[in-house]
Amino acid sequence: MTIAHLKITLEGIAPVVSRTLEVSTNIRLERLHLVIQGAMGWENCHLYEFMAGQARWSLPDPDFGTDALPVAKARLADVIDTAGKTPIRYVYDFGDHWVHLIEATIIGDPIPGNLYPRLLDVIGKCPPEDVGGLPGYENFLSAISNPKHPDHEELTEWAGEPFDPHVPNADELRLDVLKLAKKWKPRTT
């Protein structure tokens with residue numbers, strides 16, 4: 001097993017939202033998707049795809065008509081090899097179109113005793129699910145921070161809890177990724 005260091009940054013967002021993970025390069029993309037969901041704080045309610053150069057990987061969907069390769073059969077190593085020096089992108093929610101830039105670096109063998117995947121660093125709070133993409137998120141931040149904004153009351157109530165884009169729920173996110181690591185831990189006989 002070889003470990004990759006992933007820095008995942010949500011593109012176009014201010015303040016910055018990024019996560020740093022260590023994962024096996026053998027992880028299937030359908031599982032990497034779940035890791036990213038847990039690390040970012042998304043709710044796994046929408047379609048997604050990985051992209052490297054001209055190659056794309058996603059869930060098979062006959063209604064969507066895509067030429068993407070299946071995520072169930074591809075591994076992170078395949079994407080890294082295909083990407084070469086081109087960026088790797090992960091797009092979540094084709095309506096809101098959240099694009100995540102993935103910088104992958106191979107770091108070597110796993111450290112004995114560590115569980116993988118591992119969430120190492122958390123910067124910024126992920127936008128709420130279904131906020132309306134970048135324009136909706138910008139409006140959301142403006143509205144909740146300004147009691148005189150015409151959408152303040154409605155969006156504050158919609159958020160359900162106080163929202164500070166600078167303060168992620170880091171412990172909760174780490175726990176979500178740790179649960180996946182424990183669930184997928186190789187069995188010893």
[Y] backbone acceptor or donor facing [X] side chain under 3.5 Å:
X: His5; Y: Ile107; result: no
X: His100; Y: Ile8; result: no
X: Asp96; Y: Trp98; result: no
X: Glu49; Y: Val91; result: no
X: Thr156; Y: Glu153; result: no

> What are the two closest non-hydrogen atoms of Val23 and Pro117, and how far apart are they?
Replying inline: CG1-CB, 3.5 Å
>> Tell me the closest heavy-atom pair linking Ala4 and Leu76, and the distance in Å.
In response: CB-CD2, 4.1 Å
Non-neighbouring partners of [X] that pass side-chain contact (heavy atoms from CB on, under 4.5 Å), sequence neighbours left out:
X: Ser145; result: none
X: Leu178; result: Leu115, Lys182
X: Arg174; result: Leu119, Val122, Ala170, Asp171

>> Give me each pair satisfying salt bridge (charged side-chain N to carboxylate O under 4.0 Å, His left out) with a member in residues 5-21, each pair once, sequence neighbours excluded.
In response: Glu11-Arg89
>> Tell me which pairs pass salt bridge (charged side-chain N to carboxylate O under 4.0 Å, His left out) where either residue lies in residues 109-127, with sequence neighbours left out.
In response: Glu22-Arg118, Lys125-Glu161
> How about Tyr92 and Tyr48: are their ring centroids closer than 6.0 Å?
Replying inline: no
>> Under 6.0 Å between ring centres: does that hold for Phe140 and Phe163?
In response: yes
> To which residues is Leu120 joined in a hydrophobic cluster, defined by side-chain heavy-atom contacts under 4.5 Å among Ile, Leu, Val, Met, Phe, Trp and Tyr, whether direct or through other members?
Replying inline: none
>> Thr2 vs Asn26, test: side-chain contact (heavy atoms from CB on, under 4.5 Å). Steps then yes/no.
In response: CA-CA 7 Å; Thr2 302; Asn26 287 332; over 6 Å; no
>> Please evaluate residues Ile123 and Val17 with respect to the criterion side-chain contact (heavy atoms from CB on, under 4.5 Å), reporting the C-alpha separation (whole Å), side-chain torsions for both, the decisive distance (0.1 Å), and the verdict.
In response: CA-CA 5 Å; Ile123 298 172; Val17 174; over 6 Å; no
>> Between His33 and Trp42, do the side chains contain a donor N or O and an acceptor N or O under 3.5 Å apart?
In response: no
